[in-house]
2 protein chains.
Amino acid sequence: MTRRLTTIKDIAKALGISVATVSRAMRDTYDVSAETRKLVLDTAARMNYRPNFNATGLVKSGTHKIAVIIPAITNYYFSTVITGIQEYALEQNYQVMLYLTNDSAYWETKVVRELSPSSVDGLLACITSETTDFSHFDELIDADMPLVFFDRVPDPVKTSAVVQDDYTGACMATQHLIEQGYSKIAHLAGPPGLNLTQQRLRGYLDTLKKHNLESHGVIHSGFSEENGREDMTTLFGHESPPDAVFCVNDRKGFGAILWLRERGIRVGEEVGVIGFTNDPTSRIISPSLSTIAEPAYEIGRKSCEVLIRHIQKQSYPAQEISLPTELVVRESTRRR
Amino acid sequence: MTRRLTTIKDIAKALGISVATVSRAMRDTYDVSAETRKLVLDTAARMNYRPNFNATGLVKSGTHKIAVIIPAITNYYFSTVITGIQEYALEQNYQVMLYLTNDSAYWETKVVRELSPSSVDGLLACITSETTDFSHFDELIDADMPLVFFDRVPDPVKTSAVVQDDYTGACMATQHLIEQGYSKIAHLAGPPGLNLTQQRLRGYLDTLKKHNLESHGVIHSGFSEENGREDMTTLFGHESPPDAVFCVNDRKGFGAILWLRERGIRVGEEVGVIGFTNDPTSRIISPSLSTIAEPAYEIGRKSCEVLIRHIQKQSYPAQEISLPTELVVRESTRRR
DNA sequence: AATAGTAGCGAGAACGTTATCGAAACCAGA
DNA sequence: TCTGGTTTCGATAACGTTCTCGCTACTATT
């Protein structure tokens, strides 16, 4: 069974030269004549040679691998980020290892702790909504492992981070609702611990204050459609229900729209709804969902770019990058 | 900069014992006393030791890595399959490397050809809709690389494969349309080269024949919502338009529903639409989309299970596994 | 008391590659 | 002919781990 692969030795033996020469011929041309180089490359191709990355990784410290740690991939935002990461990594000849934490702090620490620094050159991470203790990441940072956070970042971030401009996005969303004539605005917020939850909440509150409006309720919960529905029931259980809701993401927005529709409340005309993400489903749902578009793909590419720069330059200063968002107006905030 | 990691040697030196003993203590308990074993494990933890997988992979042929090659992940089905793969792999202590082909045959061959057999133990692949030449996979099979296909499989499949029961699913969908009273049924099919396209087409045609009905049109195109819309325009351009469409997947079904809605044609009552996948959006769109639910998560888990079995048992017979689908009735096929 | 058996450990090779050092071969200039 | 400088290549030691063999010391058996 033991599939024997052709090694550099086999090529050397076949050509009657030393392994050192073969090794040199395989990469740079210096210190090796053009003809032997060509000879080596030809026979390597003929013998179907593939480099053994375990061996190269052993001698030169540096596998061309990066790890991506992410809560899930079964939603538009995360899967698009991964696509961006993957494409940039492949362009730069890096390979990506995928780790899903299932949004569980337990799994996250387990995965990060078991991650062998010898098997990856760097790490791209998006923390869970439960994570409050960052010691498992700190250990890696202390060991000089290049690490870049994206989307969900620890609050005092010790390394580079790439995020969308959550604050301004929230401002735009709230501003839009106000301009459409809504005045009793509530916010379906995300898990309280997350930085992006705080930023979007702050943008919402600041914009309200700017217009001398009061918040009509803020509810923290998860990111799912079901969470959106639940939040709506509690929100509309009060004496003075809102006339618009700004949702921390589109999935909660879907829940809000469906909840309203099921109760015969006209979305847009009676109650406005705006989300955050620009999930493709926001065009499909009816009424279609206004939202703040996030540059998910670019966030993936950019964070990967920053990570690779960290890996290649030994002391590249940590930076926080914030990518702009965009308001997308659809039916769910149209008044009449 | 060079982050020095603690090795097995450091532990040996610290304890005044040989590296061999440390190595043994680290994994099996045989041939090493309980006390030295405990001593080694403790100091290993204290010195923050992480195994170097390059070294282990070099000596024992076998990295604990599997590669997953997939056209994309930005849709429900694929991202869910990956989740299943990932979870099973992690349970079995395997790590997954992700490669996206962007549904391009060029990238697929490039990725597969550059895949070093020494860096992965096995391969999980879902071919692109363009792939007609399988020589790059054959090379791996010839080199005894464990390989399992899922969802989209080559037609004469030379290794194991895990798919949903496309044929029976298509039969169920068509049968359901007929039972609902539709008789002029068309099929928005997938790319012609794909096995699953053929299976679903065959299930559709066989069921029609069983009921002595004629096909009201079959159009092959891609999997996108936009493809669905395009197919509808050509289909409804003919003199005798269908009164129901069976779509090869949900995304095309969304396109069909939206296309009909925009033209004021009542979905369900006038024209029935059924999809395939059970994408979460099929519940959200209105009218909601009837569909054939695919066991995406289970397909991921199962294919990973089969692959790991291939890796571990040297000669595990290749097998084709077909997982059952399920009819989900919603509004788009309700005749009032 | 002699022998056999076993538990526990160490020395050294091996895995495939790269890096370092030096040696041979060749050439130019004196 | 000798010296010095290239160019091209080979031997060999690493990298961190596992594996094979063998050795010691202790226990059990007779």
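Because only heavy atoms are used, hydrogens play no part in the values below, and waters and symmetry mates are left out as well, while side chains stay in. Residue numbers begin at 1 in each chain, while the letters A, B, ... track the order of the sequences.
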Going by the ring pair (Phe, Tyr, Trp, His ring centres under 6.0 Å) test, which pairs reach into residues 85-137 of chain B, not counting sequence neighbours?
B:His64-B:Tyr94, B:Phe137-B:Phe149
Kindly say if A:Lys60 contacts the phosphate of D:dA14, meaning a side-chain N or O under 4.0 Å from OP1 or OP2.
no
Looking at A:Thr56, does any N or O in its side chain come under 4.0 Å of the phosphate oxygens OP1/OP2 on C:dG16?
no
Tell me the salt bridge (Lys or Arg N to Asp or Glu O under 4.0 Å) pairs involving residues 54-71 of chain A, sequence neighbours left out?
none
Name the nucleic acid region contacted by B:Phe53, choosing base, sugar-phosphate or nothing; use a 4.0 angstrom heavy-atom cut-off, strictly under.
nothing
Bend of the helix from C:dA1-D:dT30 to C:dA30-D:dT1 from end-axis comparison, five pairs per end, nearest 10°, comes to 50°
Interatomic distance where NE2 belongs to A:His64 and C1' belongs to C:dT17 [whole Å]:
15 Å
Taking only residues two or more places apart in sequence, or in another chain, which ones meet A:Asp133 in a salt bridge (Lys or Arg N to Asp or Glu O under 4.0 Å)?
none
B:Met26 atom CE is separated from D:dC19 atom P, nearest whole Å, by 14 Å
At less than 4.0 Å, is any side-chain N or O atom of B:Ser23 found next to OP1 or OP2 of D:dT18? Yes or no.
yes
Using atom NZ of B:Lys9 as one end and atom P of D:dG16 as the other, report the distance to the nearest whole Å.
6 Å
May I have the distance from B:Leu39 (atom CG) to C:dG8 (atom C1'), rounded to whole angstrom?
14 Å
Salt bridge (Lys or Arg N to Asp or Glu O under 4.0 Å): which pairs involve residues 69-82 of chain B, sequence neighbours left out?
none
Among B:Thr80, B:Leu323, B:Val163, side chain to side chain contact (heavy atoms under 4.5 Å, CB included) partner for B:Ile299
B:Leu323
Value in whole Å for how far the C1' atom of C:dA7 lies from CZ of B:Arg37
16 Å
Side-chain atoms of B:Tyr49 come closest, of D:dC15, D:dC9, D:dT17, to D:dT17
Does D:dT8 have OP1 or OP2 under 4.0 Å away from a side-chain N or O of A:Thr36?
no
Restricting to pairs with a member in residues 49-59 of chain B, which pass salt bridge (Lys or Arg N to Asp or Glu O under 4.0 Å), not counting sequence neighbours?
A:Glu139-B:Arg50
From CD1 of A:Ile17 across to P of C:dA23 the rounded distance in Å is 21 Å
Rounded distance (Å) that lies between atom P of D:dG16 and atom CG of A:Leu58:
7 Å
Identify, with sequence neighbours excluded, every residue that meets side-chain hydrogen bond (donor to acceptor under 3.5 Å, both in side chains) alongside A:Thr83.
none
Which letter, B, S or -, goes with each nucleotide of nucleotides 21-28 of chain D from 5' to 3', with contact meaning a protein heavy atom under 4.0 Å?
--------
Side-chain N or O of B:Thr7 less than 4.0 angstrom from OP1 or OP2 on D:dG16?
no
Both B:Ala55 and B:Thr21 contact DNA chain C. Taking the nearest nucleotide for each, which residue is further toward the 5' end?
B:Thr21
Look at A:Ser33 and D:dC9 and indicate whether a side-chain polar atom (N or O) is within less than 4.0 Å of OP1 or OP2.
yes
Could you check how far CD1 of A:Ile8 sits from P of C:dG16, rounded to whole Å?
11 Å
Rounded to the nearest 0.5 angstrom, the CG-OG distance for A:Asn54 and B:Ser118 is 6.0 Å
Partners passing side chain to side chain contact (heavy atoms under 4.5 Å, CB included) against A:Glu114 (at least two apart in sequence or in another chain)
A:Lys110
Shortest non-hydrogen contact from B:Glu108 to B:Thr128?
OE1-N, 3.0 Å
